[in-house]
Amino acid sequence: MSAERREFPPADEQLRVLRRGVVDLISEDELRQKLERSRDDGRPLSVKVGFDPTAPDIHLGHTVLMRKMRQFQDLGHQVVYVIGDFTAAIGDPSGRSKTRPPLTREQILANAETYTRQAFMTLDRERAVTRFNSEWLSPLGAEGMIKLAAKYTVARMLERRDFRERFDGGVPISVHELLYPLAQAYDSVALAADVELGGTDQLFNLNVGREIMPDYGLAPQVIMTVPLLEGTDGSDKMSKSLGNYVGVTDAPNEIFGKVMSISDTLMWRWYELLTDEGAEGARALREVAERGERHPRDLKVDLARLLVARFHGDAAADEAVTHFEQVFARKELPDEIATVTLPAADEPVWLPALLKETGLAASTSAARRLIQGGGVKLDGEKVVSEEASIPARGELLIQVGKRHFLRVRFG
RNA sequence: GGAGGGGUUCCCGAGCGGUCAAAGGGAGCAGACUGUAAAUCUGCCGGCCACGCCUUCGGAGGUUCGAAUCCUCCCCCCUCCA
């Protein structure tokens with residue numbers, strides 16, 4: 001953070017950009033004032049955002065928020081990226097119906113490392129500071145924690161829906177979980193944050209920070225929330241544990257394929273939240289499709305291509321398009337098929353055992369079922385008998401389902 | 001501290017001495033249909049070269065020809081009272 005003066009666009013101009021796609025903004029007036037003051041002083045706003053390093057991979061859902069952070073950066077402001085190493089030991093109860101298992105120190109640090117690296121695929125490294133919240137939360141000690149806890153009441157804590165529902169539903173809530181929002185709130189105090197961003201599920205936590213800051217002699221932070229992105233299944237929010245996510249480090253074909261498999265309804269939503277189209281642009285595209293001017297599939301290809309290009313570049317995106325057309329639209333074989341070499345033998349190999357060995361099926365039982373269901377092809381021929389055996393020599397192309405190809409060479 | 005309810009396969013949830021590898025739903029996988037869409041429909045959904053055997057119903061013992069189901073102890077959760 002340098003002391004040099006910076007130039008900022010007029011507050012209203014900044015506001016116009018920042019407000020876009022935001023669900024909660026508390027409050028717009030306060031934000032305008034902060035923007036004006038920062039412009040007068042030539043000092044960037046400190047925009048805080050916290051990440052719980054529990055699941056190490058960043059997915060498209062996170063990028064909705066990161067793109068908003070990026071906008072602040074592009075306007076000249078400073079993002080403070082808080083790695084919740086301390087709070088990870090508590091486990092954020094947000095949106096949870098169960099207590100989270102705590103992580104070990106090593107896991108947390110390893111996750112934080114991966115997280116940060118992936119975050120900077122979207123964020124501007126130059127205008128970001130990474131901090132670990134154990135820096136100020138650990139020294140707080142039991143005494144400080146108790147003082148902090150004294151600033152809030154149980155009744156207020158239970159206003160929060162996650163807690164309320166668990167409480168009413170007879171699902172356990174551990175006392176330490178009540179400390180999570182307070183710890184996160186204290187991050188804002190320690191950093192004297194001007195603004196804190198989060199997903200809509202963070203509204204409660206963000207508000208706690210806002211509320212306790214004046215107790216510590218600070219101006220309350222402005223809070224902004226962005227929508228939660230629905231995962232590939234189209235219903236739940238995107239999350240790694242639900243397996244409905246598209247990771248930013250997923251392979252190009254992987255990203256492309258996952259995007260193509262989402263429903264049309266979801267596609268408009270993704271256009272809105274993940275691209276520069278915004279709500280109006282997404283609506284316009286939908287109308288174009290509804291009028292039959294463009295096939296929804298093509299619009300989905302555009303979206304998939306754009307997202308692959310964002311994380312892997314244009315060349316990779318073009319290849320992904322080609323690959324997709326080839327394998328799925330024309331049902332041809334992909335260019336690249338993994339090959340495994342197994343020792344040749346005189347005895348034929350029992351197919352289910354081979355599928356298990358090559359990882360194409362989890363067990364021989366599962367392999368049998370796949371064969372029974374008609375999902376296994378050898379050199380393009382559907383296998384009819386689960387007792388099928390094949391000579392353990394030469395080369396063989398195995399296909400399981402629509403997507404799994406493997407060349408097996410015996411030699 | 002007292003009284004009561006409960007822990008079942010990935011998740012929810014039935015079962016309450018044999019007919020239980022355990023209903024139903026969800027998720028997942030495969031097939032059909034398609035735009036690899038989505039929705040829908042069908043099948044599968046513990047393991048094992050397998051019409052039989054093995055391992056599962058919080059944990060450890062026990063009763064019984066036979067237990068997820070009964071008994072004992074332990075662990076964990078919830079509700080009400082204090």
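It should be emphasised that the depicted structure is a prediction, and the values quoted were computed from it without experimental measurement. Worth knowing before you read on, the calculation uses all heavy atoms, side chains too, and leaves out hydrogens, waters and symmetry mates.
- Comment: Glu28(A) engages Arg32(A) in a salt bridge, judged by a side-chain N to carboxylate O separation of less than 4.0 angstrom.
- Using C1' as the reference atom, rC29(B) and rC45(B) are 8 Å apart when rounded to the nearest Å.
- Here the closest non-hydrogen pair linking Thr122(A) and Thr63(A) is OG1-CG2, 4.1 Å.
- A donor-acceptor pair is defined here as one N or O able to donate and one able to accept, closer than 3.5 Å; no such pair exists between the side chain of Arg131(A) and the backbone of Val80(A).
- In this entry the distance linking NE2 of His404(A) with C1' of rA30(B) reads 11 Å, nearest Å.
- Proximity of residues 259-275 of chain A to RNA chain B (heavy atom under 4.0 angstrom from any strand atom) is restricted to Met260(A), Ser261(A), Ile262(A), Ser263(A), Asp264(A).
- In this structure rC16(B) sits in no base pair that meets the Watson-Crick or G-U test at under 3.5 Å.
- Identified under the salt bridge (Lys or Arg N to Asp or Glu O under 4.0 Å) test for residues 58-67 of chain A, with sequence neighbours left out: Arg67(A)-Asp276(A).
- Partner of Val248(A) under the side chain to side chain contact (heavy atoms under 4.5 Å, CB included) criterion, chosen from Met66(A), Arg310(A), Gln118(A), His312(A): Gln118(A).
- Across the C1' atoms, rA38(B) and rG52(B) are found 43 Å apart, a figure rounded to whole Å.
- Across all strands shown, rG46(B) forms a Watson-Crick or G-U wobble pair with rC54(B), both key distances being under 3.5 Å.
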Requested in this report: Could you give me the CA-CA distance, side-chain angles and deciding distance for Asp124(A) and Arg70(A), then say whether side-chain contact (heavy atoms from CB on, under 4.5 Å) is met?
Outcome: CA-CA 7 Å; Asp124(A) 178 357; Arg70(A) 180 63 194 240; 3.8 Å; yes

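- Distance check on atom P: rU9(B) versus rG5(B) gives 22 Å, rounded to whole Å.
- The ring pair (Phe, Tyr, Trp, His ring centres under 6.0 Å) search around Phe8(A) returns His77(A), not counting sequence neighbours.
- Between the CD atom of Glu386(A) and the P atom of rC48(B) there is a distance of 13 Å, rounded to whole Å.
- Between the P atom of rG31(B) and the CZ atom of Arg369(A) lies a distance of 15 Å, rounded to the nearest Å.
- Regarding contacts with the backbone of rC48(B), a side-chain N or O of Ser363(A) is found under 4.0 angstrom from either OP1 or OP2.
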Detail all sub-3.5 Å separations between protein N/O atoms and N/O atoms belonging to nucleotides 51-55 of chain B.
none

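- Across the strands present, rA23(B) finds no partner; the criterion is a Watson-Crick or G-U wobble pair with both atom distances under 3.5 angstrom.
- A 3.5 Å limit on both hydrogen-bonding distances identifies no Watson-Crick or G-U partner for rG66(B).
- Of the residues in residues 289-315 of chain A, His295(A), Pro296(A), Arg297(A), Lys300(A) come within less than 4.0 Å of RNA chain B through at least one heavy atom, sorted by number.
- Note on Gly234(A): nothing from the nucleic acid sits closer than 4.0 angstrom, heavy atoms only.
- We find that Arg368(A) and Glu387(A) are joined by a salt bridge, their nearest charged nitrogen and carboxylate oxygen being less than 4.0 Å apart.
- Rounded to a whole angstrom, the distance from the C1' atom of rC57(B) to that of rG13(B) is 13 Å.
- Judged purely by distance below 3.5 Å, without hydrogens or angles, the side chains of Gln202(A) and Glu196(A) never pair a donor atom with an acceptor atom.
- With contacts defined as side-chain heavy-atom distances shorter than 4.5 Å, the pair Gln221(A)/Val195(A) does not qualify.
- With rounding to whole Å, Ile371(A) atom CD1 is found 12 Å from rA30(B) atom C1'.
- Rounded to whole angstrom, the span from the CD atom of Glu357(A) across to the P atom of rC48(B) amounts to 13 Å.
- Scanning for ring pair (Phe, Tyr, Trp, His ring centres under 6.0 Å) contacts around His59(A) gives His62(A), with sequence neighbours left out.
- Among residues two or more places apart in sequence or in another chain, the side chain to side chain contact (heavy atoms under 4.5 Å, CB included) test is passed with Gln33(A) by Arg37(A).
- Rounded to whole Å, the separation between the C1' atoms of rU56(B) and rA3(B) comes to 34 Å.
- To the nearest whole angstrom, the two P atoms, one in rA67(B) and one in rA21(B), are 12 Å apart.
- Listed by chain and residue number, nothing satisfies the ring pair (Phe, Tyr, Trp, His ring centres under 6.0 Å) test with Phe120(A) (two or more places apart in sequence, or in another chain).
- Applying the 4.0 Å criterion to OP1 and OP2 of rG43(B), one finds that Arg368(A) has every side-chain N and O outside that range.
- At whole-Å resolution of the value, CG in Asp236(A) and C1' in rC12(B) are 14 Å apart.
- As the counterpart of rU72(B), rA60(B) is assigned, both hydrogen-bonding distances of the Watson-Crick or G-U wobble pattern falling under 3.5 Å.
- Annotation: salt bridge (Lys or Arg N to Asp or Glu O under 4.0 Å) contacts of Asp346(A) (sequence neighbours excluded): Arg393(A).
- RNA chain B lies under 4.0 Å from at least one heavy atom of each of the following residues of residues 332-356 of chain A: Trp350(A), Lys356(A).
- Residues that satisfy the side-chain hydrogen bond (donor to acceptor under 3.5 Å, both in side chains) test with Gln71(A), not counting sequence neighbours, are Lys68(A).
- A distance of about 15 Å separates the P atoms of rC75(B) and rA60(B), rounded to the whole Å.
- The residue among Asn253(A) and Leu370(A) whose nearest nucleotide of RNA chain B lies closer to the 5′ end is Leu370(A).
- Between the NZ atom of Lys402(A) and the P atom of rA32(B) there is a distance of 6 Å, rounded to whole Å.
- In terms of the ring pair (Phe, Tyr, Trp, His ring centres under 6.0 Å) criterion, residue partners of Phe324(A) (sequence neighbours excluded) are, by chain and number, Phe256(A), Phe328(A).
- Nucleotide rA32(B) forms a pair with rU40(B), judged by Watson-Crick or G-U wobble geometry with both contacts under 3.5 Å.
- When the C1' atom is used for both rU72(B) and rA27(B), the distance is 39 Å, rounded to whole Å.
- Atom P of nucleotide rG28(B) and atom CZ of Arg403(A) are separated by 11 Å, given to the nearest angstrom.
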